[in-house]
Amino acid sequence: MNKTLTWNFPLPRTHTGILMGNAVTGLMIWGGGSQLNITIGRSDLWDHRGGMCWSDKHIYKDIRNKLEANDEVGLKAMFKTDTEDVPGQPMRPSIISIGRIELDLGTGTNLIDAILKMDEGIVEINYTRNHTNYTLSIALEMNSQLAAIISNEPDINHQCHIKHRPFFELSNELQEISFKKPIYYNLNNISGWYQPFPVDDGISVLVKETPGTLFIANDRSQEKALDLISKNITWENIITTTQKWWGDYFLSIPDIITPDPDINSLYTYGMYKFAGFSQPNGIPGGLQGPWIEDYALPPWSADYHFNINAQMCYCPAYKSGKYQHLMPLFDLIFSWHDTLKDNAKKFIGIDDGILLPHAVDDRGTCMGGFWTGCIDHACTAWIADMMWNYVDFSGDIEFLATKALPFMSGAMRVYEEMLEFNGDSYSLPVSVSPEYRGSEMNAWGKNASFQLAAIHRLIEDIEQAHLMLDREVPESLLHIAKYLPKATLVKEGSILSTYKSSRIALWQDTDLEESHRHHSHLAAICPFDIINWEDQQWSEIISNTIDHWIGKGMGMWSGWCMPWASMIHTRLGNGDGAKLMLDIWKRVFTNEGYGTLHDCNMIGLTLMGSRQINNKDVAYRNEVMQLDAGFGAVTAIQDMMLHSRRGVLYVFQGIPHNWKNCSFTSMPCGGGFSVSATKKNGVITEITIYASRNGKCKIANPTTGIIETKKMKMGEYFNLI
């Protein structure tokens, strides 16, 4: 893997900058001419005011009654936030921007380019002054909130001027929600500011100047920030530990080598960002992780979205073997245990349920306002599936018994209470498909295919968990699995159907009527792996569903839609389509600084974030950076190499036909196995499987097409080819 990446200045906007992170602090390095900007963000800098506390008014039967009566006023009143329309108060909690440090490198200076050395954790910035070349290097410690900047220019201290720009100065949004002015410091060689918060702990940013070197520290405590910046620190100390951390990290993840430099770069830079977003000692990352813009409050509060975004952000952990990077997220969710149980109690009237709304802050407070997201219970089921996948990959039995299975069972209990049985089949009378029709009164229906797939996935996971723990599977779950449909279909002959046979619908009597960013009706294919397109009973239905999906097009897709679509094409054996989705994503949904965007970066493909007026491309909101699509691209690349479908491993099923040479090494998969494979001159020359524990491996032989089963013992290798 090539572990360097180059940016050319000018980098004119915050989200075009070079990213550095340690899963608490994030730096974005950008600018042009003589000015270098370092935007500072944190994953935990919450203003906790606002949001919606689940209450006795959020009762399932009352919500259902209002939906069936088309009582829009009554329904939306249920989901108002507690501070809505309160002057000086935010409607919902939000991550708060910190601000930036501006370094004016002096008259005659011009920034040229920046090189990120990913396996060292160093950014080297090349600049000229009066026709002489210099380099400025930046490193961020991985275990403390301290960054260092050093230049090989002898007189840099006299040339460089530092300006502190708290977010309070850069936007008037904090004033509007009752924040006070920051307090500035200038003590000998230490300067900076402290931004107080109305209720929560504030944030302190300090800069220490020493000959040739700057140090930048931040902490929620003024005293701790001063202690951190005042200690005897050197560039050599920081760079030694930082280089070792990053070197070890890249040695520990699978190599993926393809003939496409863009794909290789997406994977390598994606895994670099993944470590800056998540690590075992870090803060769980939301939509933007620690990389928060300094000119406005972040979109959607940079919160935790559980209807795909958090799941997509954390998916690279599994096939990279970085299982412990999942733990901060899981621990955070477990810290909400009482809140989630109380949500279920109020919603459905049970004491043993778990209910996780689609958008929350780091205390589990519901963002409110969007009623369909608040009752989208597949959010809970999807997180439960993530917990099971962690167990399946890692073999962590203790976590399964004490944490995962209780959470999975609690999620299922809510579904059990919502389901109805008519003697022949189960149905889910009130269900949603994420964000389809927004929060309109017709944004729901019976048996949403997304929810049905989530229920079946949850039941299968619980079954596997009971088998692993040598426990009896509850009969009630087996009964639901037998009599609950796996998807809702548009029936043959229906006025909604334009194809000769059935296809998967959004919910009962509702076809995919338009291009939509959530591929949720396809969740039975990916991510929930409930339906295999090769099964005879489903093959024609899936073909018609995919044709219809493609026919509706990408006109309202957002950035994270593209890697999800790539994963779907991989599971259909369409490697050319899988690759195409990633090509389009890189071209349309990243900016000139490799920033991953929610909205399009050009017109002609989608209207998500931009439209054409008088033949001009007009963006109707500021650049929206989210991390999900970039990490989704990493997972899509992993899937192209190796994925599982209904318990069977498939090697190279997602690569395009013109990739004659590619390989991957020691990629983990479920069951405790890892796989390495090589393709040379169009021929697969090696597939080696290693077992980290006893188990049965099922793999499709790509040469013969035969599914082979091999019982393997811990420490055993098996060469398929």
Side-chain angles (χ1 to χ4, degrees), residues 15 266 270 273 285-289 291 293 296 298-315 358-359 367 370 372-373 376 378-379 382 432-440 443 450 506 512-523 526-527 549-550 552-569 577-578 580-591 593-612 617-636:
H15 286 305
L266 289 179
K273 288 197 295 184
L287 292 171
Q288 295 182 207
W291 297 295
E293 53 262 45
W300 298 289
S301 302
D303 65 15
Y304 299 97
H305 261 53
F306 291 111
N307 63 2
I308 185 173
N309 312 86
Q311 290 87 340
M312 187 173 279
C313 282
Y314 278 90
C315 266
H358 90 292
M367 291 293 167
F370 193 63
T372 54
D376 179 2
C379 296
W382 202 340
V432 298
S433 195
E435 300 176 18
Y436 197 77
R437 295 179 178 168
S439 59
E440 299 301 317
F450 180 63
L506 270 293
L512 178 67
E513 308 140 314
E514 61 190 22
S515 172
H516 186 62
R517 61 189 173 275
H518 257 278
H519 313 315
S520 308
H521 68 302
L522 303 178
C526 178
W549 175 57
I550 293 172
K552 289 300 178 184
M554 308 178 195
M556 288 302 295
W557 286 17
S558 60
W560 47 259
C561 301
M562 309 305 297
W564 188 0
S566 176
M567 296 176 215
I568 291 169
H569 282 295
L580 177 63
M581 295 300 105
L582 296 181
D583 290 342
I584 294 173
W585 174 72
K586 184 178 185 299
R587 181 70 181 89
V588 177
F589 291 102
T590 63
N591 63 26
Y594 316 112
T596 58
L597 307 179
H598 179 278
D599 298 339
C600 62
N601 197 30
M602 65 173 66
I603 59 171
L605 178 81
T606 177
L607 297 176
M608 184 58 66
S610 183
R611 61 194 181 101
Q612 196 171 62
D617 180 14
V618 179
Y620 58 79
R621 57 189 177 200
N622 287 327
E623 191 168 47
V624 178
M625 188 283 287
Q626 285 185 194
L627 295 168
D628 35 35
F631 295 140
V634 170
T635 305

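Worth saying up front: this structure is predicted, and the values here are computed from it rather than measured.
- Distance alone, capped at 3.5 Å, is enough to place a donor-acceptor pair between the Y314 side chain and the G285 backbone.
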Verify side-chain contact (heavy atoms from CB on, under 4.5 Å) between H518 and F450, making sure each step is shown before the conclusion.
CA-CA 10 Å; H518 257 278; F450 180 63; 5.9 Å; no

Please test H15 against Q288 for side-chain contact (heavy atoms from CB on, under 4.5 Å), starting from the C-alpha separation and ending with a verdict.
CA-CA 11 Å; H15 286 305; Q288 295 182 207; 4.1 Å; yes

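- The shortest distance between side-chain heavy atoms of E435 and H516 falls below 4.5 Å.
- Taking the six-membered ring where the residue is Trp, W564 and W382 present tilted rings, their angle falling between 30° and 60°.
- Nearest heavy atom pair, residue T635 against residue C315, reads OG1-CB, 3.3 Å.
- Note that CG of D599 is 8.0 Å distant from CZ of F589, once rounded to the nearest 0.5 Å.
- Nearest approach of C313 to G286, heavy atoms of both residues: SG-O, 4.5 Å.
- Note that OH of Y436 and NE2 of H521 are 8.5 Å apart. Values are rounded to the nearest 0.5 Å.
- Minimum interatomic distance between D303 and M367 (heavy atoms only, all atoms of both residues): OD2-CG, 3.4 Å.
- S520 places no side-chain N or O within donor-acceptor distance of the main-chain N or O of S433, the cut-off being under 3.5 Å.
- Interatomic distance, T606 OG1 to M562 CE, rounded to the nearest 0.5 Å: 9.0 Å.
- Side-chain N or O atoms of E514 include none that pairs as donor or acceptor with a backbone N or O of K552 at under 3.5 Å.
- Side-chain atoms of L627 and W291, non-hydrogen and from C-beta on, do get closer than 4.5 Å to each other.
- Atom CH2 in W557 sits 5.5 Å away from atom CE in M581 (nearest 0.5 Å).
- Residue C379 comes nearest to H358 through the heavy atom pair SG-CB, 3.5 Å, listed as atom of the first residue, atom of the second, then distance.
- Expressed to the nearest 0.5 Å, how far CD1 of I584 lies from CE of M554 amounts to 4.0 Å.
- A ring-centre distance under 6.0 Å is not found for H519 and W560.
- A distance of 11.0 Å separates CG in L597 from OG in S558, rounded to the nearest 0.5 Å.
- In this structure, T372 and S439 approach most closely via the heavy-atom pair CG2-CA, 4.3 Å.
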Stepwise, does the side-chain contact (heavy atoms from CB on, under 4.5 Å) test hold for K273 with Y594?
CA-CA 11 Å; K273 288 197 295 184; Y594 316 112; over 6 Å; no

Stepwise side-chain contact (heavy atoms from CB on, under 4.5 Å) test for M608 and R517:
CA-CA 9 Å; M608 184 58 66; R517 61 189 173 275; 4.0 Å; yes

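- Residue E293 comes nearest to P299 through the heavy atom pair OE2-CD, 3.1 Å, listed as atom of the first residue, atom of the second, then distance.
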